[in-house]
Amino acid sequence: MSTNIELESVSKLASGKVRDLYEIDDKTLLFVTTDRISAYDVIMANGVPLKGATLTQLSAHWFKVLPERVPGLKTHFITLDPPAGLSDADKEKVRGRSMQVRKLKVFPIEVIVRGYITGSAWNEYKKDGTVHGLPMPAGLQQCSRFPQPIYTPSTKAELGQHDENISPEQAAKIVGDQYASRIEELALKVYKAAAEYAGERGIIIADTKFEFGLDEETDEIVLIDEVLTPDSSRFWPADEYEVGRDQDSFDKQFLRNWLTREGLKYKEGVAMPADIAESTSARYRDAFKRLTGKTLEEAVEALG
Ligand code: ATP
Ligand code: MG
């Protein structure tokens, strides 16, 4: 399990909660996903075995299938191959968990799309009858499907801060009117295509968070970051779905529930017990297998 990876042959540009970004050249990044896991915006002290490879291989799968289903969709994905200049030792450290991507200007919002009402959206609805300030139909129950998927952006908080739910109007002020509606439209199209794809494989994508970047040369909006992973999404097994209660899930809900139960929510430096880390790992890999039809080991093996 690797929560801290230091490469010697490329320079680190930035570190997020889960990923480390290295600069290959002006236009290219090496996007390395560690085994770190965050819940409620706090990073756990230990990692989840094989998580980095699972997220990288799953994102790569979506970067292949989504452009086939959403005409005109551009993504930042270049290749799963390591850059030529990487030392052999570094290649070994990032094996399975890295991809080369186009370096782009990031729109500073979290582009959340929700197909079902749960989490912070459910809490807001119970209190005010709205979701991210948007009026909602009466009578929704916990985990109800929305009549239509909705775009519910949030701010992109600095490390250590918490993201805040905002209305589409507030998001438009942040990204600019010329991009706001294009981002919303693209996010809804990608969500719908992905939800259909996952639905055929027994997984409900309750909600998900995208990030978009701008190709300043062409003025095109590009899908970046990780996509449609158990970290960025709530995946529910379709055959167990029942409205009116919490859903058992593939994703971090398991870890989140444990933190809540133990009263450790928002606490820094918490270490997960081995059984929580292991069962989280198994859930991530189960989602991978259902969505891609391959085991993680098969996907990594195929890299050569
Ligand atoms: P942040 O660091 O923004 O708070 P995070 O903790 O989720 O978010 P990670 O997911 O660990 O961060 O790291 C990924 C970082 O890389 C994010 O800041 C994301 O915005 C950025 N990023 C993703 N794709 C690109 C890209 N193509 N070009 C530049 N930056 C990117
Ligand atoms: Mg992230």
Side-chain angles (χ1 to χ4, degrees), residues 2-7 10-44 47-48 51-60 62-63 66-67 73-80 83 94 97-113 153-166 171 174-175 179 183 186-187 190 207-218 220-234 251-252 255-256 266 268 284:
S2 298
T3 51
N4 200 7
I5 295 166
E6 293 296 335
L7 302 186
V10 271
S11 54
K12 197 189 268 182
L13 193 71
S15 246
K17 286 188 284 292
V18 172
R19 267 154 277 271
D20 298 326
L21 277 55
Y22 293 85
E23 187 155 67
I24 305 305
D25 58 47
D26 316 345
K27 292 192 167 158
T28 317
L29 298 175
L30 184 65
F31 205 63
V32 179
T33 307
T34 69
D35 294 332
R36 295 195 289 267
I37 186 162
S38 76
Y40 299 111
D41 286 335
V42 177
I43 304 163
M44 299 296 117
V48 169
K51 176 171 176 277
T54 308
L55 298 188
T56 296
Q57 300 304 317
L58 184 54
S59 291
W62 286 117
F63 284 133
L66 287 171
L73 177 69
K74 295 287 190 305
T75 82
H76 73 162
F77 179 76
I78 301 174
T79 176
L80 284 168
V94 301
R97 64 168 85 241
S98 76
M99 61 170 73
Q100 294 188 60
V101 302
R102 293 161 63 199
K103 181 181 179 185
L104 297 162
K105 187 172 155 195
V106 179
F107 286 107
I109 56 167
E110 310 265 39
V111 179
I112 300 165
V113 178
S154 79
T155 59
K156 212 167 152 0
E158 297 293 315
L159 205 64
Q161 305 296 110
H162 299 297
D163 295 339
E164 219 181 288
N165 289 350
I166 53 177
I174 298 171
V175 299
Y179 298 118
I183 289 173
L186 205 50
V190 175
D207 52 36
T208 193
K209 182 217 74 171
F210 299 116
E211 292 193 37
F212 287 95
L214 181 66
D215 181 334
E216 291 175 285
E217 278 167 28
T218 61
E220 279 174 316
I221 294 170
V222 182
L223 182 61
I224 63 167
D225 204 56
E226 64 175 329
V227 279
L228 295 151
T229 70
D231 265 16
S232 66
S233 323
R234 284 191 179 89
D251 58 31
K252 280 197 271 191
L255 170 58
R256 291 189 188 123
Y266 304 127
E268 303 282 340
Y284 274 65

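All ligand and atom numbering here is 1-based and tracks the order in the structure.
Judged by distance alone, the side chain of Thr155 and the main-chain N or O of Asp163 form no donor-acceptor pair under 3.5 Å. With Asp35 contributing its side chain and Thr3 its backbone, the two residues share no donor-acceptor pair below 3.5 Å.
Every residue meeting the side-chain hydrogen bond (donor to acceptor under 3.5 Å, both in side chains) condition with Thr28, not counting sequence neighbours, appears here in chain and number order: Asp25. With sequence neighbours left out, Arg102 forms a salt bridge (charged side-chain N to carboxylate O under 4.0 Å, His left out) with Asp215.
Taking only nitrogen or oxygen atoms, main chain and side chain alike, Lys103 does not reach within less than 3.5 Å of ligand 1. Checking only distances, Val101 never comes within under 3.5 Å of ligand 1, N or O to N or O. Annotation: Lys209 places no N or O atom under 3.5 Å from an N or O atom of ligand 1; distance criterion only. Geometrically, ligand 1 and Ser15 share no nitrogen or oxygen pair separated by less than 3.5 Å.
Near Lys156, the atoms of ligand 1 lying under 4.0 angstrom from a non-hydrogen atom of the residue are 1 (P), 3 (O), 8 (O), 18 (O), 20 (O). Against a heavy-atom cut-off of under 4.0 Å, Leu29 is close to the following atoms of ligand 1: 28 (N), 29 (C). Within ligand 1, counting atoms from 1 as listed, the ones closer than 4.0 Å to a heavy atom of Val106 are 20 (O), 29 (C), 30 (N), 31 (C). Within ligand 1, the atoms closer than 4.0 Å to a non-hydrogen atom of Ile224 are 23 (C), 24 (N), 25 (C), 27 (N), numbered from 1 in the order shown. Each of the atoms 11 (O) of ligand 1 lies under 4.0 Å from some heavy atom of Val18.
A 4.5 Å side-chain heavy-atom check between Phe63 and His76 finds at least one atom pair inside the cut-off. The shortest distance between side-chain heavy atoms of Leu21 and Phe31 falls below 4.5 Å. With contacts defined as side-chain heavy-atom distances shorter than 4.5 Å, the pair Thr229/Ser59 qualifies. Between Lys156 and Val106, some side-chain heavy-atom pair lies under the 4.5 Å cut-off.
Across the listed options Phe107, Phe31, Phe77, Phe212, Phe31 owns the non-hydrogen atom lying nearest to atom 22 (N) of ligand 1.
Counting heavy atoms closer than 4.0 Å to ligand 1, residue Arg102 contributes backbone atoms (N, CA, C, O) but none from C-beta onward. Of all the heavy atoms of Val222, none lies under 4.0 Å from any atom of ligand 1, so neither backbone nor side chain is involved. In His76, the part holding a heavy atom less than 4.0 Å from any atom of ligand 1 is the side chain.
By the 4.0 Å N-to-carboxylate-O rule, Asp20 lies too far from Arg97 to be salt-bridged with it.
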